[in-house]
Each structure stands twice: as C-alpha cells, then as structure tokens.
Amino acid sequence: MDHVVGIDLGTTNSLIGVMEAGFPILIADANGARLTPSVVSFQNDGAPIVGQAAARMREVKPSETIYSIKRFIGLRGDELRKGDADVSYTLERRRGQPVRVLANNEPHSPEEISALILQKLKSDAETALGHAVSRAVITVPAYFNDAQRSATKRAGELAGFRVERIVNEPTAAALAYGLDKLEGRSKIAVYDLGGGTFDISILELNGGVFEVLATNGNTRLGGDDIDRALLKSISDTGNRIPESLVRLSQVLIEAKHRLSTEEKVAIDVPFFDGAKSLHLDLAREELEKVARPIIEQTRAHCLRSLADAKLTSADLDEVILVGGVTRMPLVRRIVAEIFGREPNTSQNPDEAVAIGATIQAGILSGAVRDVVLLDVTPLSLGIETFGGLMNVIIPRNSTIPIKAGEMFTTAVNQQRSMSIKVLQGEREMARDNWPLGQFEIEFEAAPKGVARVGVQFEIDANGILHVLARDTKTGGEKIVEIDSAVDVSDEAVEAMISESLDHAFDDMSERVWTEAKVKAEEMLNAVEAAFAQVGDSVDAREKEMIQQAATRVREALGTNDTRGLQAANAALDEATQGLAAALVEKAMQAAR
Ligand code: AMP
C-alpha cells in the first residue's frame, strides 16, 4: 500500500505519523524523539542542521538559527503583525514582497526553511519505515489564508512530497479525539495553547464534515511566556541569574513540566554560574501564580470566538485540548471555568494534531474508511455569458464533491447551438479568467430567449470536473470532463486572487456597465420586434414616447456613463408597459 504520512508542522515543534495496522503511529527519529523542534541552523559551510541539534544552536548562533518560521510563511513584508518580527535572526521585509530570512548573508524564503524541517521529518520516517514516502497531509492553523496555505503546500513540495491535502489543525485534533463520530450537528471548541501561540477554534460537525465557525487567538502567547515569567520570578527572589543561561532555562522548563503531575519539585543546578549552584524547591502553587496572568489572557479570545460563532458555552458538545501547555492543571481549571464544562483530556495534547493528520492521511491512502473526505475548490468555476461576463457556477472554496447548475438561454434568433466556455478564476470578465475547455451544444432553432440550456458543473471526490449541457426541450446533452479544475498550482491560485483584488474596482464597474449594455440591447430588440407585431394597436403619442425613450438608450450606449444607461433603461422599461401588455393580449388571443 502506498503510505501517506500526516505532518503537524508546528511553530515550535513538528511531528510526522503514519497508519500502521489501522492505528495512527507517530514516528521517532534516530534518538527516539517524536517531537522535532521546528528549527534550522545555518553553518558557515556544509548543510544546515535541523531539529534538536539546531535548537541547541539558538543560544550559540542566534543570528543564523531560524525558529518560528511558521509566523512568516506566506506573508508579505507589510503583513507582519506587531511583535512578530521580533526574532534573533534578520528578516527581509519589503512592502508587497514575500518575507525572507537572512542566514549566512543569503536570503531564504520561509518555504525553503520549512522544507528543510519537512525533509528531516521525511528522512526520519523513511529510515524508520524502511521505504520511501512521497505523499503527505500537512496541517495549518484554521485562520491561515490562501497564501499561507499555498506556501505551506509549496514547502511540502520543495521537501519532495506530493501534498495530498492541507488540513486545519483543529479539524485534525477533533479527528484524533474521535469527534467525527459525534451524532447530529455537534459543536466543538478546540483550545490550543502551544509553546508560542494560542488558537481557539469553534467547529461544527455535520454529517462527518467539520466546518470552522470561528477562530481567534494570539500568535504571541504560549508556554514560552510562562518560561520567561518563571525565570524572571526566580531571579527576582534574589537568585542572580543571567537570562541567557540555557542550562538553567532547560531545568526550569523540565520543572514546569513535572509540576503538571507533581505538587512540588526540587531544582538542583550545580555550578551553573562558575562556582555557584542553585538549589530550590518549587511548588505548583508558585508556578501557577506566575502562569495565571498569562493563561487568563486566553479567556477573552475564547469568549470572542463563541460570540463570533453566535453560540454560548451551553451550545458546545465538547471542549478539547491541544498543545503541551494544556497539560497544566491550572489551564484545565481555567478552560473549565471559561466554557462551564470539563474539557476532554482523553488524548495526548501535544500529539493530537499530528495523530489527526495521520488519520486523514490514512483515509487518503485507503487505510481508514468511513470518514467523509473534505477538499475545497481553489478558484471559482463558471462559464462565459452575454457581453463576455464570467458567470460563476461553483464559487471558490466550495467543498468537494459538489454539484451546481444554472439555466441559460440564447441571445440570437434562430440560434442552433451554444458555445459553452468553461472558465476558472476570480475576475468579472470572462477574458481575464483561465479557459479550461470549450464545447458546443446544439438544439432546435428557436426565437432568441426561447431555447433553454441547462448547464451543470459537478466536481467528484477525485477533483474531476464534469460539465454537462442539456437542451431542456429535446433532452439532447453533452458532457465533457476536465481534470485540471482542482489541481491548480498554488502560485497560479495566489496570482489569480491577488490580480482579482488589484482589479476589483475596475472589474466591478465593467461588469455593471456590461450588464446594463446587455439589458439595453435586449430591450431595443424587443421594442423593434413588438412594434412589428402589435405596432398598430399602440396610439401615436405612446409610440412617440417609446421611440424617444429608445433614442435615449441608444445615446447612453454611446457614452461610458453606467448610471445614465441604467436610468435610460429604466425609463424605456416604464414607457413600454402598454406595449408589453398589448403583446400579451395578442398572444392570448392567438391561444384562444
Ligand atoms: P507545543 O507547541 O504544543 O509542542 O507545546 C509546547 C509547549 O508546551 C512548551 O511551552 C512546553 O514547555 C509546554 N509543555 C509541554 N509539556 C508540558 C507539561 N507536561 N506541562 C506544562 N507545559 C508543558
């Protein structure tokens, strides 16, 4: 069986797993560690080092050791939030340009750095499994935008993976907790407090599909803050401690971890500062005093996300915990207070996301069944309609599989066929989107506006787009298959979206003008046809008024004034009420 691995590419640590005999198993590196620090350290010569060995270099070579790269992936210089650029290495930030990091005097994209971390995970997995792995599921925070998701996918590809799916971290966590088995429309809060970031997500499960209702959080809040506060509180009590002392920080972090299960720990650091040693007892209570103000900061985010999801805590079916810090009893108490219920602690919080990613990977490789697969359309799909407009049939970000359709008619009398131009993109005018294919559907000749052609788009679970066009009168139909509708390169998606944003105003003005123009032309033709049929039954004064209104529409068509044209259209519409009634009367007489 072709293995697909699941990867939690974290800000602080990353993990990789694979389904073995129906169970998600996280893979350890050669040293037996399952957590790989997401750190890359550049050497003067030779290949960069990655993981635990690189993490040790943070104090030794701070300017060449890259950590927390996830904060920068897919972002442009002007998109960095305050405080995010506060790192020990140099960032290259230019307005409108992707952020890059400088190491060994060379710029590196965040994708390249992330790819080095992913490569290490890949090679550790290959060593452990004894064969190559080439397909992966990678998780990202629920709030990641398209550019951040695309950049993460690109990082996976640079590392040599085929990235089968990018999955939201809270969704992966919910899968790990087995919540996809909940009944009905369940609502779940995922409280994720890691080393450097806090995320709260509210999910709704409906028929095996998770939807993110709201997210909130703080990208600069986590266990690291507790470590700093603890170090400071100990130095404040008279123990003079150089803050950079790695050994001491590590001892304190270990003490913090032990205090999650023990009431009191003894800290012993012999000869850490020349001849000085440190001996000290630390009680859980003291740690909690230091940590409380930090953990309390998560409360407002949780309340905000509930409000955004338009829920109260009573609506929640489960609250689950993710991230190492949630092992702290204090965090569990505060979470219980915020949500008015005990959180579910049945899973290992630092592994839940990776386990969920692995389960997703298992689903994709066929090792796990019974769960609905989720994917979304990267860009909108539609066809060209009158006036060269893009008519969207399946909007961007729709969940696959999906089926949607619309009815179209003809613009010309006695038209015998219609050309269906299938397009992909976010621009308002058909010519600015990408053509995916084109075909003709034939039907019986009829006056314009009479033929009815149904066009249906269906994207199946494999991402193949089936376009069906059917003449509703004869039932004659044509189906074409397009397989490039979902597999669009991420660069291309990004370029299309940023182009559509750049041109949003002009595009919309052109659409509104074109719609008014199509309407004007339709009405002018209709007036002419109506005069030919029932002109005699309309009195001269009314005819004169209609003709004047029609002249104003023709004049407005020669300008660029959209509002003027819309007003002229409305006036002509008003003036032709009597004419339209005469037409209806005549049709009814004919039918009698
Ligand atoms: P993560 O980003 O999910 O790997 O979480 C890492 C953070 O969790 C770090 O700040 C760790 O110090 C913290 N952490 C890990 N295990 C524990 C524990 N047993 N008790 C308290 N904090 C922990």
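Counting starts at 1 for both ligands and their atoms, following the listed order. Quantities reported herein were computed from a predicted structural model and do not represent experimental measurements.
The main-chain N or O of Gly222 is found under 3.5 Å from a side-chain atom of Asp225 such that the two form a donor-acceptor pair. A donor-acceptor contact shorter than 3.5 Å is absent between the side chain of Tyr143 and the backbone of Ser201.
Lys122 forms a cation-pi arrangement with Phe161, by the criterion of a distance under 6.0 Å to the ring centre and an angle within 45° of the ring axis. A cation-pi arrangement, defined by a distance under 6.0 Å to the six-membered ring centre and an angle within 45 degrees of its axis, is present between Arg58 and Tyr67.
Exactly one of Glu296, Glu288, Glu342 qualifies for a salt bridge (charged side-chain N to carboxylate O under 4.0 Å, His left out) with Arg333. That residue is Glu288.
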Please tabulate protein-ligand N/O pairs under 3.5 Å for ligand 1, atom names and distances to 0.1 Å.
| residue | atom | partner | partner atom | Å |
| --- | --- | --- | --- | --- |
| ligand 1 | 2 (O) | Gly195 | N | 2.9 |
| ligand 1 | 3 (O) | Gly324 | N | 3.1 |
| ligand 1 | 4 (O) | Asn13 | ND2 | 3.3 |
| ligand 1 | 5 (O) | Gly195 | N | 3.4 |
| ligand 1 | 5 (O) | Gly324 | N | 3.3 |
| ligand 1 | 8 (O) | Val325 | N | 3.2 |
| ligand 1 | 10 (O) | Lys256 | NZ | 3.4 |
| ligand 1 | 12 (O) | Lys256 | NZ | 2.8 |
| ligand 1 | 12 (O) | His257 | NE2 | 2.7 |
| ligand 1 | 14 (N) | His257 | NE2 | 3.3 |
| ligand 1 | 20 (N) | Ser260 | OG | 2.6 |

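Between Arg341 and Glu318 there is no salt bridge, since none of the side-chain N atoms of the basic residue sits less than 4.0 Å from a carboxylate O of the acidic one.
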